[in-house]
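One structure is given below, encoded as structure tokens.
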There are 2 protein chains.
Amino acid sequence: MELSPVAQDYLKAIYHLEDEHARPVRTVEIADAVGVTSPSVTNMVETLDEHGLVEYTPYKGVELTEAGETVVLNLVRKHRLLETFLTECLDVPWTDVHREADHLEHHLSDELAERLVDFLGEPATDPHGDPIPDTDLVVADRRSYTPLTEYEVGETVVVERVPHRDRDVREHLFENGLEPGTKLSLEAVTPVGIVEVVPDDVDNLVAIPTQVARRIGARAISRGETGLDESNL
Amino acid sequence: MELSPVAQDYLKAIYHLEDEHARPVRTVEIADAVGVTSPSVTNMVETLDEHGLVEYTPYKGVELTEAGETVVLNLVRKHRLLETFLTECLDVPWTDVHREADHLEHHLSDELAERLVDFLGEPATDPHGDPIPDTDLVVADRRSYTPLTEYEVGETVVVERVPHRDRDVREHLFENGLEPGTKLSLEAVTPVGIVEVVPDDVDNLVAIPTQVARRIGARAISRGETGLDESNL
DNA sequence: GAGCGTGTTTAGACAGGTCTAATCTATTTC
DNA sequence: GAAATAGATTAGACCTGTCTAAACACGCTC
């Protein structure tokens, strides 16, 4: 049973939407994510259901089955491996990596993926700080990072993970110097849902909607930690 | 005008068949090469003709236009770069490289191809000894090698290029120890069209049809050249 | 609990690429 | 130069994935 790249994209979208909203996914949400109309989605989820990859209840929503999740995790693994390869070896700009990997992931064989792992030295996370599922598709921690929103105003933290699926978000953060590894101090949390931070190597205030800040991962810097002495995990 | 991978495969097949037979290509030959039926070919070459990529005369045959050749050379470039990457970095067995590259070549962006060139150190040939077209799609020498058939019985030569598009041929040669770099001596040329050689690291006689031998590239070994002293080009 | 709006599904058409069956053309053979 | 044959094309069907337009269901409001 060979799954078309298009079908795989639907599954991926369902996976990420499920993850984001923590409830069955609506037709129109999938349509937006994949870039098609709602009837196309109904069509496709029906066939995915027949293949046992999703559970589809008309008018109610869609959920991934275990088989569907396996397909997606395999894809996620390849995606993140490719991203790692593209940044580390080919020097592709941070912001373009996602797009390229999105195409290639469908055409990288399982065997090549394994070889790529070896070549890259079994990386644990991709360049955005997201964990790479292992050969058995187990993800170390599906959401291991501590969201920026968990920290207090005045604290200084190091960015560990950055959201990147949305192009505008990704580029905005990038342009403001927010990458994995960036050190920043939490300046304020406004009542209208904005988190204000000052990145280390930029001097101005950057405003981030809490919705985005919730998906930025960070770890606290110990009081003494000033510069590059980061040997602890 | 985005060309589908399928259409690109047709163009590639036409290119290689033209190259092989040095005359307009027949429908059924394309059908065999691509793995579809003749009517499908007629269909496709009509649309390729409309796009100005081939010149198609019903009942006569198909020829690539310059635009078509550009498309193919871009593909050949990516194909050979990928093959180089797969063997050199990922250690993919010689015999599997072609299949993998055939899939991936359609999905490697131009930009990524350029980056891959840099990463690989601007290789001139792929692992089979075929030249890689440069950025402007100029192939140094489309057929630079001297065919094995040009040498005399009794001579000892080093294999420089090996045919690999046909799976059976490729694996047969591989199993008999014929790879780029193999040293072999020409034992006999039989009247029925067989060239017999003895590879250096194998001890038995290998029989090769002249049709295949014609596409094996080799260079003569100077009398004195016995082992590994190969510093000349 | 009737009406309404949002979101979903059905119906039907279309585009790309494929197939089989049937027809046609070129070329070879006599 | 007519018949036979190998190869090519047309005709028509099918599958996948997409669309628009129209019908439908659910949940909310009054």
Side-chain angles (χ1 to χ4, degrees), chain A residues 1-14 17-18 20-64 68 71-72 75 102-103 105-107, chain B residues 1-14 17-18 20-64 68 71-72 75 102-103 105-107:
Chain A
M1 182 198 69
E2 265 303 294
L3 215 50
S4 73
V6 177
Q8 294 179 356
D9 279 337
Y10 278 89
L11 290 176
K12 257 182 37 176
I14 294 165
L17 288 166
E18 231 177 23
E20 194 177 331
H21 299 321
R23 56 160 174 70
V25 180
R26 285 202 249 273
T27 305
V28 73
E29 293 167 341
I30 303 171
D32 281 353
V34 178
V36 297
T37 59
S38 306
S40 303
V41 175
T42 304
N43 229 17
M44 179 59 88
V45 294
E46 271 167 1
T47 62
L48 291 177
D49 186 279
E50 280 161 23
H51 286 58
L53 297 165
V54 303
E55 197 127 336
Y56 164 56
T57 321
Y59 290 104
K60 289 300 175 184
V62 185
E63 279 175 283
L64 277 189
V71 171
V72 172
L75 226 45
D102 248 5
H103 287 140
E105 62 183 2
H106 300 295
H107 308 282
Chain B
M1 182 200 69
E2 264 303 296
L3 214 50
S4 73
V6 177
Q8 294 179 355
D9 279 338
Y10 277 90
L11 290 175
K12 257 183 37 176
I14 295 165
L17 288 166
E18 232 177 23
E20 194 176 330
H21 296 123
R23 56 161 173 68
V25 179
R26 285 203 249 273
T27 305
V28 72
E29 293 167 341
I30 303 171
D32 280 354
V34 178
V36 296
T37 58
S38 306
S40 303
V41 174
T42 304
N43 228 19
M44 180 58 89
V45 294
E46 272 168 1
T47 61
L48 291 175
D49 186 281
E50 279 161 23
H51 285 57
L53 297 166
V54 303
E55 197 127 335
Y56 164 56
T57 322
Y59 291 104
K60 289 299 178 185
V62 186
E63 279 174 284
L64 276 189
V71 172
V72 173
L75 225 45
D102 249 6
H103 286 141
E105 61 185 0
H106 301 295
H107 305 98

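Reminder, nothing fancy here: chain letters follow the sequence lines and each chain counts from 1. Excluded from the calculations below are hydrogen atoms, water molecules and symmetry mates; all remaining heavy atoms, backbone and side chain alike, are included. Note that this is a predicted model, so its numbers are computed, not measured.
If you check C:dG17, D:dT18, D:dT10 against the side chain of B:Met44, the one that comes closest is C:dG17. The side chain of B:Pro39 sits closest to C:dT20 out of C:dT9, D:dA8, C:dT20. Considering only side-chain atoms of A:Thr37, the nucleotide from D:dC19, C:dA21, D:dG7 that sits closest is D:dC19. Comparing C:dA11, D:dT18, D:dG17 against the side chain of A:Asn43 picks out D:dT18 as the nearest.
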Exercise for the section: For A:Glu63 and A:Arg23, run salt bridge (Lys or Arg N to Asp or Glu O under 4.0 Å): C-alpha distance rounded to whole Å, both residues' side-chain angles, the deciding distance at 0.1 Å, then the answer. Expected result: CA-CA 8 Å; A:Glu63 279 175 283; A:Arg23 56 160 174 70; over 6 Å; no
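Proximity of A:Tyr10 to the phosphate of D:dT18: a side-chain N or O atom is located under 4.0 Å from OP1 or OP2. For A:Thr42, no side-chain nitrogen or oxygen approaches OP1 or OP2 of C:dT10 to under 4.0 Å. Remark: A:Ser40 is not in phosphate contact with D:dT18, judged by side-chain N or O atoms under 4.0 Å from OP1 or OP2. B:Thr27 has a side-chain polar atom (N or O) that falls below the 4.0 Å cut-off from OP1 or OP2 of D:dT9. Contact check, A:Tyr59 against C:dT6: no side-chain N or O comes under 4.0 Å of OP1 or OP2. Checking the phosphate oxygens (OP1, OP2) of C:dT27, a side-chain nitrogen or oxygen of B:Lys60 falls inside 4.0 Å.
Per the geometry, CD belonging to B:Glu2 stands 17 Å off P belonging to D:dT18, to the nearest Å. Between the CG atom of A:Leu17 and the P atom of C:dG7 there is a distance of 15 Å, given to the nearest Å. The distance from atom CD of B:Glu46 to atom P of D:dA11 is 11 Å, rounded to the nearest whole Å. Distance A:Gln8 CD to D:dT16 C1': 15 Å, rounded to the nearest Å. Nucleotide C:dT6 holds its P atom 17 Å from the CD atom of A:Glu29, rounded to whole Å. A straight line from CG of B:Asp9 to C1' of C:dT18 spans 15 Å, rounded to a whole angstrom. Rounded to whole angstrom, the span from the CG atom of A:Asp49 across to the P atom of C:dT8 amounts to 16 Å. Going from atom CZ of A:Arg26 over to atom C1' of C:dT8 covers 11 Å, rounded to whole Å.
Between B:Leu53 and B:Leu3 there is a side-chain heavy-atom pair separated by less than 4.5 Å.
Among the atoms of the strands shown, none is found under 4.0 Å from any heavy atom of B:Thr47.
Distance check: A:Ile30 CD1 to A:Ser40 OG gives 11.5 Å after rounding to the nearest 0.5 Å.
Mapping A:Gly35 and A:Pro58 onto DNA chain D via the closest heavy atom, the residue that lands nearer the 5' end is A:Gly35.
In this structure, B:Glu55 does not pair ionically with B:Lys60, as no charged nitrogen and carboxylate oxygen lie closer than 4.0 Å.
Here the two rings, on B:His107 and A:His107, have centers that are under 6.0 Å apart.
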